[in-house]
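Worksheet: one structure, shown below.
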Amino acid sequence: MLESRDMLLLGAAGAIPGWLFPPLFVLGLVAIAFFASVNGGWSGLAKRYRTSAPRPDLFMKMSTGRMGLTHYNRCLTVGASEAGLYLAMMPSFTPFHPPLLIPWSEIKERRRETSQFQRVETLVIGPDRTVVRIEALVMDGLARYLPPPGLV
């Protein structure tokens, strides 16, 4: 019989041994990263705009953004160059969030909005019209490369 110190969780299936917690935790993080990529639209953008190019010289780490249903809180790297808008995630999420380089010509709309009491740049990207929202302060730092607001 297991003593209480040997059990981590009690449930319908019985006791889960403590040694099983670390692999289940890692599996849970992998599942969250996968579903965030799919629900947010990152995986759709990655099919068209995945890049292996190094990040541009002009970038900001630990930025916040939103894509679809997924909120990326202080885990985005946002950059810009002549080639386009660069988006990347913290390394722990890259299996399902590869770096993206979105050509400026693929940004169909750009507008400034207030979302949840925060000023954001809303970008509509590609033929699927994926909506990406990034902190306005971050986008202001990339202004020299950005297309003008409105229809692009």
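For the single chain, residues carry numbers from 1 onward in sequence order. FYI, side chains are in, hydrogens and waters are out, and symmetry mates aren't considered; it's all heavy atoms of this structure.
Salt bridge annotation for K47-D128: absent, with no cationic side-chain nitrogen under 4.0 angstrom from a carboxylate oxygen. Look at E121 and R110 and you find a salt bridge, because one of the NZ, NE, NH1 or NH2 atoms lies within 4.0 Å of a carboxylate O, short of that distance. At a threshold of 4.0 Å, the pair R119-E135 does not count as salt-bridged, since none of the basic side-chain nitrogens sits closer than that to a carboxylate oxygen.
If you check the side chains of E106 and Y49, you find a donor sitting under 3.5 Å from an acceptor.
R66 has its side chain out of reach of Q118: every pair of non-hydrogen atoms, C-beta onward, lies at least 4.5 Å apart. The shortest distance between side-chain heavy atoms of L146 and W104 falls below 4.5 Å. Contact annotation: the side chain of S81 never approaches that of Y86 to less than 4.5 Å [non-hydrogen atoms, C-beta and beyond]. Taking the side chain as every heavy atom from C-beta outward, I134 and L87 approach each other to under 4.5 Å.
A side-chain contact (heavy atoms from CB on, under 4.5 Å) with V78 is found for one member of L85, L58, T64, V132 and no other, namely L85.
D57 meets the side-chain contact (heavy atoms from CB on, under 4.5 Å) test with no other residue; sequence neighbours excluded.
Of all non-hydrogen atoms in S63 and V138, the two that sit nearest each other are OG-CG2, 3.5 Å. Scanning all heavy atoms of the two residues, the minimum distance from R129 to K108 falls at NH1-CB, 3.6 Å.
Here OG1 of T130 is found 4.5 Å from CG of L45. Values are rounded to the nearest 0.5 Å. Taking CZ of R112 as the reference point, atom CG of D140 lies at 4.0 Å (rounded to 0.5 Å).
For W42 (side chain) and P98 (main-chain N/O), a donor-acceptor pair under 3.5 Å exists by modelled atom type. Judged by distance alone, the side chain of T51 and the main-chain N or O of L101 form no donor-acceptor pair under 3.5 Å.
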side-chain contact (heavy atoms from CB on, under 4.5 Å) between R133 and E113, worked out | CA-CA 9 Å; R133 291 179 176 88; E113 300 174 336; 3.8 Å; yes

Between M60 and T77, does a side-chain contact (heavy atoms from CB on, under 4.5 Å) hold up when you go through it step by step?
-> CA-CA 6 Å; M60 298 182 119; T77 297; over 6 Å; no

May I have the step-by-step check of side-chain contact (heavy atoms from CB on, under 4.5 Å) for R55 and K61, ending in yes or no?
-> CA-CA 11 Å; R55 78 172 172 236; K61 285 185 173 183; 3.6 Å; yes

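Other residues sharing the hydrophobic cluster of V124, ordered by chain and number and joined by side-chain separations under 4.5 Å: V131.
Grouping the Ile, Leu, Val, Met, Phe, Trp and Tyr side chains by contacts below 4.5 angstrom, directly or via other members, places Y145 with I125.
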